[in-house]
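Structure record follows, encoded as structure tokens.
Just so you know, ligand 1 is whichever comes first in the structure, and atom 1 is the first atom listed for that ligand.
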Amino acid sequence: MTCCSKKKVMVLATGGTIAMKMDEKIGALVPACTGEDLVAAVPGLDKVAHVEVEQICNVASPNMTPEIMFKLHQRAEELLARDDVAGVVITHGTDTLEETSYFLDITHQSDKPIVLTAAMRGAGDVSPDGPANIYCAVQAAADCSSRGKGVMVCLNNLLHAAGEVMKTHSANCATFASPWWGPIGYVEADRIVYRRVPVAHRIFNPKALTARVDLIKAVTGSDRTYIDFAVAQGCKGIIVEGFGRGNIPPMMEDGISDACAKGVVVIISTRTPGGRVLDVYGYPGSVTDSCKRGAIMGGEISAAKARLKLILALSENPELAGDRKTLQEIFDE
Ligand code: ASP
């Protein structure tokens with residue numbers, strides 16, 4: 001059987017606005033639909049693929065945790081290893097979709113696709129976007145040309161690479177974008193059109209998630225207080241989200257020195273949605289300063305994605321905490 005003749009797509013439902021309806025009593029959206037309900041509301045889906053549904057959870061995506069992502073990863077890979085499954089679709093809330101998709105991407109073992117989708121409008125709203133997004137996601141997951149493309153996010157007919165995509169608007173249906181890169185492809189009526197292939201990257205395979213990693217956002221006037229707090233809480237790593245190239249207020253630096261001296265990994269990321277962290281400046285608080293104190297440059301992924309990457313890297317190999325060279329390679333790939 002070729003991959004094209006295997007048209008079974010597994011839909012793993014996790015919740016999100018796509019599965020919510022207005023609760024008239026409180027005047028706000030709440031979880032209301034199962035994965036089966038979502039699939040049943042998509043006209044013609046049975047012509048695209050044979051779809052089976054599993055309900056993993058039914059939560060708004062701010063409830064998502066790395067532990068749920070890990071379970072999702074294990075279940076998706078288990079399903080993809082089956083000969084009869086062409087791909088997996090995951091329905092999810094939009095708020096943390098970019099985190100879950102990234103987690104799944106850097107743990108993805110199979111070359112078959114995982115496509116995450118979502119909706120900005122509730123299932124009972126005027127013109128909900130959920131059904132069309134599910135239709136396109138299943139179309140992409142069932143298609144042979146999606147093999148080797150990693151984990152993708154599909155909304156508004158566009159296919160984004162998990163490492164590049166972000167939610168850019170709090171309400172608009174065109175919220176998902178890949179700043180500086182653009183989508184890797186799109187879903188057409190007759191086929192999937194790919195315009196580029198995401199670059200290959202390291203895959204992590206921890207047995208369990210064991211490392212706590214905290215994220216601290218630098219703002220003007222920040223000092224070491226939250227770094228000291230995170231260290232006192234027993235975290236194994238800290239992501240410091242800096243400005244521009246990754247520079248931070250100098251009052252944070254002694255906290256970084258002390259954290260690193262205690263074996264805590266400190267990664268410097270940037271609040272800008274594009275570009276790498278780099279040690280091009282030499283003033284106090286610059287990336288050069290942070291690196292001298294033991295920090296690692298976090299590459300071009302967002303701070304939230306860097307946190308997940310460090311959780312996975314340290315959970316797979318705790319010894320990495322003492323190997324700055326390898327950590328630097330991992331974060332700048
Ligand atoms: N708050 C919702 C969630 O992420 C937003 C959505 O799904 O669009 O679950």
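Every residue two or more places apart in sequence or in another chain that forms a side chain to side chain contact (heavy atoms under 4.5 Å, CB included) with Val53 is listed here: Val11, Glu36, Val39, Val51. Applying the side chain to side chain contact (heavy atoms under 4.5 Å, CB included) criterion to Asp111, with sequence neighbours excluded, gives Arg147.
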Donor-acceptor pairs are to be reported for all side-chain atoms of residues 181-198 against protein atoms at under 3.5 Å, with residues two or more places apart or in another chain.
from	atom 1	to	atom 2	distance (Å)
Tyr194	OH	Ser146	OG	2.7
Arg196	NH2	Glu164	OE1	2.8
Arg196	NH2	Gly182	O	2.6

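Phe331 carries Lys309 over the face of its six-membered ring, with the cationic atom under 6.0 Å from the centre and within 45° of the normal.
Each of Val231, Val213, Ile267 was evaluated against Ile238; a single residue qualifies, Val231, per the side-chain contact (heavy atoms from CB on, under 4.5 Å) test.
Donor-acceptor pairing under 3.5 Å is recorded for the side chains of Thr34 and Asp37.
Contact residues for ligand 1 (protein heavy atom closer than 4.0 angstrom to any ligand atom): Gly16, Thr17, Ala60, Ser61, Pro62, Gly93, Thr94, Asp95, Ala119.
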